[in-house]
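Heads up: the structure comes next, in structure tokens.
Atoms within each ligand, like the ligands themselves, are counted from 1 in listed order.
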Amino acid sequence: MRDALADVTNTQTEASAIAREKGWVAPEGYDYEKYTAAPPGEKTGEDLQEDESLPQWAANAAKYEWKDEYGDVGPENPQLEEQLFRSEFINRTGLKIGNLRNIQVTNESRERPSPIRDFDDAGLHPIIRNNVRLCGYEYPTPIQAYAIPAVLTGHDLIAIAQTGSGKTAAFLIPVLSQLMGKAKKLAAPRPNLAAGFDPVTDSVRAEPLVLIVAPTRELATQIFDEARRLCYRSMLRPCVVYGGAPLRDQRDELQKGCDILIGSPGRLLDFMDKPHILSLRRVKYTIIDEADEMLLSDWESDFNKIMSGGDVNEDADHRYMMFSATFNKDCRELARKFLSDDHVRVRIGRPGSTHANVKQNIIYSDPHMKKQCLYDLLLAMPPSRTLIFVNSKNQADLLDDYLYNLGLPSTSIHADRTQREREDALRAFRTAKCPILVATGISARGLDIKNVMHVINFDLPSATYGGVTEYIHRIGRTARIGNEGLATSFFNDKDSDIAPELVKILIESKQEIPDFLEQYKPAGDVADFRDDETDDENEKEDGDSKEGAWGGVQVGATEESAPAESSGWE
Ligand code: ADP
Ligand code: MG
């Protein structure tokens with residue numbers, strides 16, 4: 001027994017030495033004490049927050065606090081500005097931004113607001129124009145070029161654009177810009193925080209003007225971060241609500257006033273059941289991010305409740321927007337039920353396409369060899385931020401332990417970890433303290449982390465795990481906003497159900513097809529299947545192209561407008 005233990009220790013020491021030699025930083029021990037100092041069951045999330053040695057919750061991050069005496073624009077706050085805009089961990093535009101631009105834009109609706117070429121010609125409110133500058137966004141991305149004018153001209157919108165192409169700012173910029181001039185008139189009364197805040201006498205009910213819903217907690221907090229940047233120096237006050245973190249802190253924030261509410265569905269519904277804390281009666285814009293995921297989840301009645309503003313919404317001119325990189329026909333049909341007839345539909349590229357900036361490799365590996373294969377792959381590459389996807393929570397834990405024991409700096413994120421652990425893991429990954437993150441599908445969508453150079457599908461997402469749609473979102477965690485990245489997937493015979501669709505994606509994005517996938521190649525030409533997901537085809541097949549399922553009349557009319565001309569990418 002002793003000898004066996006000694007062997008394990010020796011092997012671990014050797015493995016650690018190898019990992020260091022290859023340049024990987026040392027893994028940090030997991031501090032279980034931090035989370036379990038009180039007997040199990042006695043320590044709640046709320047107690048944890050009071051322990052100042054712990055990092056704060058994402059929901060409590062600093063935001064610009066407006067004071068009543070400010071005129072139209074609040075004064076600068078250099079310290080906050082530094083924190084919001086100049087963190088070294090914010091993604092910056094990469095050199096291959098041109099690949100995002102040379103892509104076909106399809107506007108399928110009757111309504112076609114002209115795309116903007118430049119943030120200067122969009123008629124934006126000066127505060128937001130300045131915040132866009134502070135963010136370092138020089139030119140609108142194609143989806144922004146089309147979505148901004150659509151929202152500014154008062155349309156509902158369905159927007160489909162590839163992963164990492166700036167969809168968050170595409171809805172935040174125009175919505176915030178429209179509200180900035182009117183916030184004083186539209187916003188609910190709220191306490192003057194300049195005079196100090198006494199929760200007993202000063203608390204107000206949150207009555208946001210904008211509601212943004214995202215499928216996961218981490219994505220909701222990321223949208224909140226972008227909203228904190230874009231609301232800087234304005235009186236619009238963003239808040240985020242999500243499960244797993246203390247309800248009390250989130251309630252306290254809401255009670256100081258909330259104009260922009262971002263939430264993951266569960267916690268949002270909790271608050272909607274407490275009308276003395278939150279009312280959606282003033283909401284003017286409802287935005288659903290990753291809309292196809294939200295529409296297909298098993299919570300139709302909850303979704304209806306959110307979309308109707310909890311039945312109390314008073315705004316006759318309520319606008320709805322839905323965004324995603326993937327939007328299959330079923331989802332599009334569901335989506336149209338919620339949008340007005342004159343909504344705008346824009347898609348950049350084919351729905352569900354990946355972009356040229358991700359290099360996709362598929363490696364054959366028998367199930368029992370996958371771990372070894374992963375280890376060899378990690379050591380063969382220069383150390384870099386690497387996101388590894390698996391299909392189960394248990395597998396995530398096992399793989400994290402396996403890598404950790406081999407001296408590799410890994411951590412993991414999945415739905416059975418506490419929210420504190422999830423936020424810690426993500427923070428450690430973002431700051432490269434733990435450059436290897438093992439994750440389940442909860443992290444597939446939306447997360448925007450700088451310098452993720454490599455996404456590895458340790459398990460490919462078979463049909464039960466979201467299939468090729470999930471694959472697209474997973475590999476979209478790398479190569480964001482003009483950066484390049486690598487996606488490696490382990491394939492074996494168990495993955496054959498995803499193979500035909502996977503091969504189509506590879507062909508379309510001009511990737512190499514390994515021999516073992518040759519048999520899954522479609523018979524026809526690439527062009528034969530390229531458009532099989534588009535509305536034009538579907539509508540024609542359905543024979544209802546006039547009153548097309550998307551609600552437009554000129555269904556299928558395609559503007560082959562090179563966004564180069566229209567969006568100002570240079
Ligand atoms: P998507 O939702 O399409 O996947 P995100 O909204 O997460 O993409 O944006 C990806 C990254 O691009 C973010 O880091 C964001 O700050 C950045 N970004 C957004 N718009 C621009 C722009 N116009 N120019 C440069 N960077 C941008
Ligand atoms: Mg997004």
Side-chain angles (χ1 to χ4, degrees), residues 84-101 103 115-120 122 124 128-129 131-148 159-176 212-216 218-230 262 287-294 321-327 346-349 351-355 357-358 430 443-452 455 472-483 485 563 567-570:
L84 291 178
F85 300 102
R86 289 190 271 281
S87 154
E88 59 176 308
F89 303 116
I90 297 177
N91 238 335
R92 305 281 174 217
T93 320
L95 294 174
K96 291 287 171 82
I97 194 79
N99 284 346
L100 243 129
R101 162 192 153 205
I103 196 161
I116 56 165
R117 288 161 193 276
D118 205 286
F119 285 120
D120 284 326
L124 297 177
I128 198 113
R129 179 67 193 91
N131 291 343
V132 166
R133 203 171 286 124
L134 283 169
C135 284
Y137 303 165
E138 282 184 48
Y139 293 103
T141 62
I143 192 62
Q144 292 165 359
Y146 284 80
I148 291 172
I160 307 171
Q162 289 161 319
T163 51
S165 64
K167 292 188 286 295
T168 320
F171 56 75
L172 284 176
I173 292 172
V175 164
L176 299 177
I212 303 167
V213 189
T216 66
E218 287 74 19
L219 183 52
T221 59
Q222 185 180 292
I223 298 170
F224 171 62
D225 289 343
E226 184 86 339
R228 288 192 298 131
R229 283 189 273 279
L230 292 170
I262 301 135
I287 301 154
I288 311 292
D289 197 17
E290 306 293 345
D292 56 327
E293 166 93 354
M294 307 286 287
M321 284 157 235
M322 303 204 185
F323 282 74
S324 189
T326 51
F327 230 122
V346 175
R347 58 184 162 87
I348 313 291
S353 56
T354 60
H355 56 72
N357 293 347
V358 189
R430 255 185 222 282
S443 305
R445 283 185 180 247
L447 294 188
D448 181 58
I449 294 167
K450 190 180 174 181
N451 285 346
V452 174
V455 171
I472 285 155
H473 286 281
R474 286 182 180 184
I475 70 169
R477 296 316 102 215
T478 183
R480 302 185 63 75
I481 203 82
N483 293 286
S567 64
W569 285 100
E570 284 307 341

* State which residues pass side chain to side chain donor-acceptor pair (under 3.5 Å) with D292; sequence neighbours excluded, sorted by chain then number. =>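 Counting only residues at least two positions away or on another chain, D292 forms a side chain to side chain donor-acceptor pair (under 3.5 Å) with S324, T326, R445.
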Indicate, as side chain, backbone, both or neither, the part of [X] found under 4.0 angstrom from ligand 1 when only non-hydrogen atoms are considered.
{"X": "K167", "result": "both"}
{"X": "T93", "result": "side chain"}
{"X": "R92", "result": "neither"}

Has [X] got a side-chain atom pairing as donor or acceptor with [Y]'s backbone, closer than 3.5 angstrom?
{"X": "R229", "Y": "F85", "answer": "no"}
{"X": "Q222", "Y": "G446", "answer": "yes"}
{"X": "E226", "Y": "T168", "answer": "no"}
{"X": "K450", "Y": "E88", "answer": "yes"}
{"X": "T478", "Y": "V452", "answer": "yes"}

* Kindly confirm or rule out an N or O of G166 lying under 3.5 angstrom from an N or O of ligand 1. =>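 G166 vs ligand 1: N/O contact under 3.5 Å present.
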* Asked: Is there a nitrogen or oxygen of G164 sitting under 3.5 Å from a nitrogen or oxygen of ligand 1?
  ->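 Yes.
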Quick one: which ligand 1 atoms are inside 4.0 Å of a heavy atom on [X]?
{"X": "R480", "result": "1 (P), 4 (O), 5 (P), 7 (O), 8 (O), 10 (C)"}
{"X": "N91", "result": "14 (O)"}
{"X": "Q162", "result": "3 (O)"}
{"X": "T163", "result": "4 (O)"}

* To do: Report yes or no: does a heavy atom of Y139 sit under 4.0 Å from some atom of ligand 1?
  =>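 Judged by the 4.0 Å heavy-atom criterion, Y139 does count as contacting ligand 1.
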* Whether S165 lies under 4.0 Å from ligand 1, heavy atom ->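 Heavy atoms of S165 do come under 4.0 Å of ligand 1.
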* Which option, T168, D448, L219, owns the non-hydrogen atom nearest atom 14 (O) of ligand 1? ->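 That would be D448.
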* Quick one: CZ on R480 to CG on N483, what's the gap to the nearest 0.5 Å? ->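 Reported value, rounded in 0.5 Å steps: 10.0 Å.
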* Looking at R129 and D120, does any basic side-chain N land under 4.0 Å from a carboxylate oxygen? ->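 Salt bridge flag = yes for D120 with R129.
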